[in-house]
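Because the structure is a prediction, the values reported are computed rather than measured. We count residues from 1, following the sequence as given.
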Amino acid sequence: MRAPLQAQPRKRQKTPSLPKKQPNPPATVPSVTKNPDRPETTMPTVPTQTTTESTPPVVTPPEEIISSNLVFTSNGDGTCYVSGKGSSPDPVIVIPSKSPNGDRVTAIGKYAFKETYGIKQVVIPESVTEIGDAAFFYCEELKAVSLSDTLTKIGNSAFLGTNLKSISIPDGITEISDGTFSKCKFLESVHLPDTLTRIGASAFEGCGLTSIDLPESVTEIGVSAFAGCHITSIALPHGITEIAAYTFSSCPITGIIIPTGITSIGSNAFQGCLFLTYISLPETVSSIGKDAFLHVPTEVYTVYDGAYYLGNWKNPHHILIQAIDKNIDSCQIHENTKVLAPGAFQSCKNLTEITVPNHIYRIPSSAFASSGLRRVTIEYGITEIESSAFDNCGLLEAIIIPGSVLTIGKSAFSRCSKLESVMIEEGIQSIEDSAFSMTDLLDTITLPKTLTSIGKLMFYCSGDLQDITYNGTKAQWNALPKGSDWDYSMGGRDGGGYISASYTVHCADGDIYVNR
């Protein structure tokens with residue numbers, strides 16, 4: 001790599017003098033021979049009065065007016081990139097299309113102007129196609145940027161923490177990278193091109209945007225992309241299938257219609273949207289993250305038998321969000337409900353009985369964790385019990401899991417201290433880590449031959465469990481993949497402490513006795 005080069009001090013072309021005007025006849029101005037190697041330029045207009053605006057107007061200076069003493073790094077192929085401000089004193093950085101060494105300037109490098117004080121405006125030539133990561137990171141006085149129409153990439157956090165007030169992204173850009181305009185608290189106006197397909201994580205987080213038009217070409221919006229903005233309304237493109245976690249958290253959005261095609265809403269996606277008065281969710285939504293609508297006004301919900309619901313005018317009960325109160329003692333899930341939100345009945349200590357109907361396909365994480373449930377009916381049709389779904393249900397004594405369930409998630413029944421009996425019907429394929437750990441009183445469990453894996457520490461500290469009924473053969477049991485220490489501290493106690501003792505696996509063709 002060649003040593004960094006420094007640009008020569010700025011030079012201005014001398015304007016050729018014209019002959020003096022003769023009284024009669026009028027003089028003809030002689031033609032000026034143009035240099036074929038140099039494009040014709042127009043001198044910028046000099047304002048006649050002082051402006052009071054704090055943001056300098058974006059201008060396109062003539063090509064020969066460039067910032068002095070910028071640092072360039074050659075790529076060794078006739079091109080180079082700007083790698084630093086050097087000793088340039090200019091508040092308006094005009095990047096040339098060629099370095100003093102004659103290399104074509106094609107990029108602004110990573111961290112080139114990072115945390116540089118005094119830059120108020122940047123003009124980027126058409127030769128530049130890429131702006132590197134954090135190129136203008138926390139240039140706090142930077143208020144205006146003129147981007148080249150040939151630009152194809154803007155790197156992560158390129159303008160994070162600047163004082164830009166507006167920005168127009170040129171056609172050809174397909175992605176706003178992660179954190180590109182994050183913390184630009186004065187950024188109020190953004191134009192996005194129809195070529196854009198992705199808006200990265202935290203791309204506009206904490207900006208001053210009050211509105212933004214998202215082109216229909218956008219198919220992905222990242223985590224926290226608009227979190228903390230001043231957006232009051234938003235129209236989502238129809239090509240999006242997911243609203244990521246924290247995407248619009250703490251925005252003053254007043255209403256939103258989520259388009260058909262969205263299948264997933266991430267955790268905390270609309271958390272703290274305190275001014276929401278209307279939400280419409282399509283029935284294509286099949287998954288919702290924990291606290292997706294935490295702290296939104298309760299008037300956006302439909303109420304039915306002790307629970308809050310969200311949906312649309314055809315089915316306002318599509319998603320059960322949460323219990324209206326932690327003190328509810330009963331709840332019947334609406335017949336049109338398809339989705340249960342994570343933590344929906346968490347810590348409902350007075351809720352002693354629940355039926356999970358077969359039109360709910362998934363029992364989500366922590367749905368009934370730390371509740372007062374004594375009796376649970378899981379109807380055939382449920383396909384998954386997610387992690388910690390019934391964790392710490394200290395009063396639950398028995399459970400029957402239907403064969404429609406394919407997976408029992410991590411710690412699904414962990415810390416159910418009074419759980420004595422578990423029946424798992426044929427059809428279940430996977431039981432994940434610690435699913436029945438710390439179930440002190442568990443003394444009998446039936447496992448199906450359809451199992452394909454058992455997670456580690458599955459029966460950790462299940463001290464009373466000495467008999468496992470397995471519906472397959474001894475050979476099938478021995479071949480069944482089991483996680484490390486799946487039976488650790490199972491099968492006996494010693495002076496109140498858990499020890500490795502003995503247990504029996506009762507298979508269809510005989511018993512397997514384990515003594516450790």
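- Pairing each heavy atom of C139 with each of F113, the nearest pair is SG-O, 2.9 Å.
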Next on the checklist: Could you walk me through whether I324 and Y301 satisfy the side chain to side chain contact (heavy atoms under 4.5 Å, CB included) test, starting with their C-alpha distance in whole Å, then the side-chain angles of each, then the deciding distance to 0.1 Å, before giving a yes or no?
Outcome noted: CA-CA 10 Å; I324 61 174; Y301 298 125; over 6 Å; no
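- Minimum interatomic distance between T284 and G261 (heavy atoms only, all atoms of both residues): OG1-N, 3.1 Å.
- Here I265 contributes atom CD1 and I262 contributes atom CD1; the two are 7.5 Å apart, rounded to the nearest 0.5 Å.
- Taking each heavy atom of P237 and P215 in turn, the nearest pair found is CG-O, 3.4 Å.
- Looking only at atom types and distance, the side chain of D194 has no donor-acceptor partner in the side chain of S217 under 3.5 Å away.
- Taking OG1 of T383 as the start and CG of L406 as the end, the distance is 6.0 Å to the nearest 0.5 Å.
- With no hydrogens or angles considered, no side-chain donor-acceptor pair links S224 and S202 at under 3.5 Å.
- A donor-acceptor pair is defined here as one N or O able to donate and one able to accept, closer than 3.5 Å; such a pair exists between the side chain of N156 and the backbone of D178.
- At a threshold of 4.0 Å, the pair D391-K410 does not count as salt-bridged, since none of the basic side-chain nitrogens sits closer than that to a carboxylate oxygen.
- Note: F248 CZ to I234 CD1 = 5.0 Å, rounded to the nearest 0.5 Å.
- If you take NZ on K153 and CD1 on I176, they are separated by 13.0 Å, rounding to the nearest 0.5 Å.
- With hydrogens and angles disregarded, a donor-acceptor distance shorter than 3.5 Å links the side chain of T195 to the backbone of I173.
- The two residues E175 and L196 have their closest heavy-atom pair at N-CD1, 3.5 Å.
- With rounding to the nearest 0.5 Å, the separation of CD1 in I288 from NE2 in H318 is 9.0 Å.
- Looking at heavy atoms from C-beta onward, P297 lies out of side-chain contact with T277 at the 4.5 angstrom threshold.
- Checked by atom type and distance alone, the side chain of E205 never pairs as donor or acceptor with a backbone atom of A227 at under 3.5 Å.
- Between Y304 and H317, the ring-plane angle classifies as perpendicular under the 30° and 60° cut-offs.
- Going from atom CZ of F436 over to atom CH2 of W486 covers 12.5 Å, rounded to the nearest 0.5 Å.
- Environment of NZ in K456: sparse, with no more than 12 heavy atoms of neighbouring residues, nucleotides or ligands closer than 6.0 Å.
- Residues S287 and R362 form a side-chain contact, since some pair of their non-hydrogen atoms from C-beta on lies under 4.5 Å apart.
- In this structure, K290 places its NZ atom where more than 12 heavy-atom neighbours from other residues, nucleotides or ligands lie under 6.0 Å away.
- No side-chain heavy atom of E384 sits less than 4.5 Å from a side-chain heavy atom of Y361.
- If you run side chain to side chain contact (heavy atoms under 4.5 Å, CB included) between V122 and each of I95, I131, L147, only I95 comes through.
- Considering only heavy atoms from C-beta on, N312 comes within 4.5 Å of S280 through its side chain.
- No side-chain donor-acceptor contact under 3.5 Å links S99 and N101.
- Residues I221 and L214 share a closest heavy-atom pair of CD1-CD1, 3.9 Å.
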Next on the checklist: Applying side chain to side chain contact (heavy atoms under 4.5 Å, CB included) to L70 and F72, what does each step give before you reach the verdict?
Outcome noted: CA-CA 7 Å; L70 296 177; F72 301 86; 3.9 Å; yes
Item to check | Full working for side-chain hydrogen bond (donor to acceptor under 3.5 Å, both in side chains) between S365 and S388 | outcome: CA-CA 5 Å; S365 61; S388 303; over 6 Å; no
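- When side chains are defined from C-beta on, L236 counts as touching I256, because their heavy atoms get closer than 4.5 Å.
- A cation-pi arrangement is present between K114 and F137 under the rule of less than 6.0 angstrom and at most 45 degrees off the ring axis.
- Closest non-hydrogen pair, I231 versus C251, comes out as O-CB, 4.0 Å.
- Atom CZ of F275 has 12 or fewer neighbouring heavy atoms from other residues, nucleotides or ligands inside a 6.0 Å radius.
- Between I124 and V145 the shortest side-chain heavy-atom distance falls below 4.5 Å.
- Contact of the S387 side chain with the S411 side chain is not registered, since no non-hydrogen atoms from C-beta on lie closer than 4.5 Å.
- Heavy atoms from other residues, nucleotides or ligands lying under 6.0 Å from NZ of K482 number more than 12.
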